[in-house]
Each structure stands twice: as C-alpha cells, then as structure tokens.
Amino acid sequence: MPELPEAETLRRSLEPALLGRTVERVTVRRRDVIVAPGDPAGGFSRQRADTKPVRFPRELLLAHGRIESLTRHGKQLAITDHRGHAVIVHLGMTGSVTCAASPKHPPHTHVTWQLDDGSTLRFADARRFGLLRLAPDGPAEHWARLGPDALTIRAAALHGQLTDTLRPIKAAMLDQHVLAGVGNIYADEALHAAAIHPARIAASLHCDEARALARAVRRVLSAAISQGGSTIRDYRDGSGRPGSFQSRHRVYGRAGLPCLACGSALERCLLAQRTTVFCPNCQPSPRTAAPA
DNA sequence: CTGGTCTCCTGATCGC
DNA sequence: TGCGATCAGGAGACCA
C-alpha cells in the first residue's frame, strides 16, 4: 500500500518521462475517481447516490497543458502544467500511475493522458480508494491542510504536533493532518526503531522521545526510498517496477516472529482500526498507555 | 471540538 | 481443485 516512499519513488520515476510533455488528449473511463472543485470532499462521499458529479473543463485535467512539475507532499503527488493547473494523485491502497508507449491499458485503468511523444500516462486503481483531485490553482492550498512532510520532519515540529492530543501516538502519526506521509507500515517500523509503544498517549512523549521518533521516521522513510519502496501487494513505480523494502521490514507483517533486536515474540494489537505489530520488550507499555 | 468507529472496494489468501 | 469466508487498509463521513 503506497505511503510516502512509494509516492516519492513514483515521482522520481515519472519526472523524466513527463516534464515538458504536452497532453494531447485526456480520456476519463470512470468519472467517480475524480474529485472536481465543487464535488463533495471525495472518498466515501463519491459513492453517494444523491450527489451529482460537477461538470468541469478538460483543461483542469491537464488537457492541452505542458507538464511543468511533479511535486509531492506526504503520500500525495501533484502533476502541474504551465497554466498552474494541477492534478493531485491520491494513490489510496492500490492506485498506480504509469507512463508507457504500450497501447495496452493495465487492468482497472480509469483515466488516461495521451502525450505528445506517443506515450500514455495512466491512472489505475483496482480498489478505488485512490482518487484524482483537480486543483485549478495548484496543490498548495490543499496541501496547507496537511501536516508537515514526514521525510524531513524535525523533532521540534513533531513534538509540537503531538503535544495537544490524547490519542495513541500511532493514531496521531497516521493522521495526515498531523504528519503527512506515514501509513500503517512505516508507523510500526518507526515506533519500533524509536522504542516507543504504539499505544502511548501522544502528548506524553518527552522531548528526547520526540527526537528519537522524528529521526526514526526520517531514517525509515529514506531507507525505503533507497529501496524503491515496499511492494506489499501490487505497488509499482511509474515504469512498472516493484520495490524491495518489504524484505527489510522489522515488525510489519511479522507478528509472532522474533524481534530482530531482542528475540522476543512480536505482538499484534488493533490501534486506530489498524493491525499493529510491536515488540513488548523493546517498546514497553508505560503507565500512560491507552487501552489497546 | 475531539476521538473512535464505520464505510467505500476487490485481489489475495485461507480453511474445508 | 473449487469456492465461500476473511483480511487488508487510506481517509472522509458520521456519531457520542
């Protein structure tokens, strides 16, 4: 499931193929993966029968635009053209963006862009948790609602984001308005690396713990990017290549197996509706832990 | 306002 | 070998 490292790997792999290209034609095969200005917020509400999709000019989907930049904040990728129109890609769980000369669409392709060099950019998403958000004035306004980017998070900024919430630290880390880019996999990995129990109340973290956590988040995400991300099910970069970081996971997906640091059996619990794996020895449950 | 739960979706995997 | 049940989870809606 794509998180920040997968989005960044995708950005880097697509950038050389897309910069300077002009979009000749856009084809929408499924309207309901697009959130246009004026549409309800997206996600779940897209599916409601009582909401009618708003019409929008194809220019907002980059038609006849020349692609000028690919930027990322957290897990989201923005493709912006020379007019300043942006399409913000949310990959969700199974979303993918590929650029290829092949005329064959991958399964579940919902939107395609014909480029002026004969290649085709495609957005596909089997499970449709992903979406394309149209941002006529660029991604800045939408991204201002998100927390700081996790790849460069500083201890002071992280601590500041956590001091006023009584939620478990893991729930806070998964909230994109608190910290942008961390999902279930890397939350577990970073908490283990920082030796912090996932159920600790966020506001109870001390300065040195926030420092350790910020460093762990940056390190885990950087390491994952250097491995091309984690391919858990079907993640691929812009050229269709899988990542390999999944073999480096130290806790995610390893419940019941020995902790690679101390040998204790890793435990599983549910936090924020997410499967959570941690080491009961390396990440001791403190008095300030929330009930799991 | 805050935090917890529900819901969208379907491929992969498991148990019989 | 086949098939129904279960699991996975990003994030907005919804509710106490």
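What you see is a predicted model; the values in this text were computed from it and never measured. Scope of the values below: all heavy atoms of this structure, side chains included, with no hydrogens, waters or symmetry mates. In what follows, chains are A, B, ... by sequence order, proteins preceding strands, each numbered from 1.
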Problem set entry | side chain to side chain contact (heavy atoms under 4.5 Å, CB included) partners of A:P148, counting only residues at least two apart | A:I153, A:Q161

Exercise. Can you tell which of B:dC8, B:dG3, B:dG4 lies closest to the side chain of A:F129?
Worked result: B:dC8

Exercise. Reckon A:R268 touches a base, only the sugar-phosphate, or nothing at all at heavy-atom distances under 4.0 Å?
Worked result: sugar-phosphate

Under 3.5 Å, which donor-acceptor pairs link side chains of residues 274-284 of chain A to any protein atom two or more places apart or in another chain?
unit_1	atom_1	unit_2	atom_2	d
A:T276	OG1	A:K170	NZ	2.8
A:T276	OG1	A:R274	O	3.0
A:Q283	OE1	A:C279	N	2.8
A:Q283	NE2	A:L191	O	3.4
A:Q283	NE2	A:I196	O	2.9

Exercise. A:D39 has an atom CG; how far is it from atom C1' of B:dC8, in whole Å?
Worked result: 16 Å

Exercise. When you check the phosphate oxygens OP1 and OP2 of B:dG3, does a side-chain N or O of A:T165 lie under 4.0 Å from one of them?
Worked result: yes

For this session: Note down the inter-axis angle between the two ends of the helix from B:dT2-C:dA16 to B:dC16-C:dG2, five pairs each, to the nearest 10°.
Result: 50°

For this session: Tell me whether the OP1 or OP2 atom of B:dG11 has a side-chain N or O from A:H108 closer than 4.0 Å.
Result: yes

Exercise. Should we say atom CZ of A:R31 is surrounded by more than 12 heavy atoms from elsewhere, each under 6.0 Å from it?
Worked result: yes

For this session: Find the distance A:K170:NZ to B:dG3:P and express it as a whole number of Å.
Result: 18 Å

For this session: Select one nucleotide: of C:dA8, C:dG10, B:dG3, the one nearest the side-chain heavy atoms of A:R127.
Result: C:dA8

For this session: Return the set of residues passing side-chain hydrogen bond (donor to acceptor under 3.5 Å, both in side chains) with A:D137 (not counting sequence neighbours), or none when no residue passes.
Result: none

Exercise. Is any NZ, NE, NH1 or NH2 atom of the basic residue among A:D175 and A:R167 found under 4.0 Å from an Asp or Glu carboxylate oxygen of the other?
Worked result: yes

Problem set entry | Nearest-angstrom distance from the residue atom CE of A:M93 to P of B:dC9 | 15 Å

Exercise. Among B:dG3, C:dG12, C:dG9, which nucleotide sits nearest the side chain of A:H177?
Worked result: C:dG12

Problem set entry | N or O in side chain of A:Y252 less than 4.0 angstrom from C:dA8 OP1/OP2 | no

Exercise. Rounded to the nearest Å, what distance is computed from the CG atom of residue A:L179 to the P atom of nucleotide C:dG10?
Worked result: 14 Å

Exercise. Could you state the CD-P distance from A:E3 to C:dA8, rounded to the nearest angstrom?
Worked result: 15 Å

Seminar exercise, completed: Whole-Å distance, A:L77 CG to C:dG10 C1', equals 16 Å

For this session: Identify, with sequence neighbours excluded, every residue that meets side chain to side chain contact (heavy atoms under 4.5 Å, CB included) alongside A:S119.
Result: A:C99, A:L115, A:D117

Problem set entry | Residue mapping more 5' on DNA chain B - nearest nucleotide basis, A:A171 or A:R274 | A:A171

Exercise. Is the distance from OP1 or OP2 of C:dG10 to the nearest side-chain N or O of A:R133 less than 4.0 Å?
Worked result: no

Show the atom names and distances, to 0.1 Å, of all donor-acceptor pairs under 3.5 Å that link a side chain in residues 81-91 of chain A to residues at least two apart or in another chain.
unit_1	atom_1	unit_2	atom_2	d
A:D81	OD1	A:R83	N	2.9
A:D81	OD1	A:G84	N	3.2
A:D81	OD1	A:H85	N	3.1
A:D81	OD2	A:R83	NE	3.1
A:D81	OD2	A:R83	NH2	2.6
A:H82	ND1	A:R66	N	3.0
A:R83	NH1	A:A63	O	3.1
A:R83	NH2	A:E59	O	3.4
A:R83	NH2	A:A63	O	3.0
A:H85	ND1	A:E59	O	3.4
A:H90	NE2	A:R133	NE	3.4

For this session: Write down the distance between CG (A:L271) and P (C:dG10), rounded to a whole number of angstrom.
Result: 14 Å

Exercise. Taking only N and O in the side chain of A:T275, is any of them less than 4.0 Å away from OP1 or OP2 of C:dG9?
Worked result: yes

Problem set entry | Atom-pair distance (CD on A:Q273; P on B:dG3), nearest Å | 15 Å

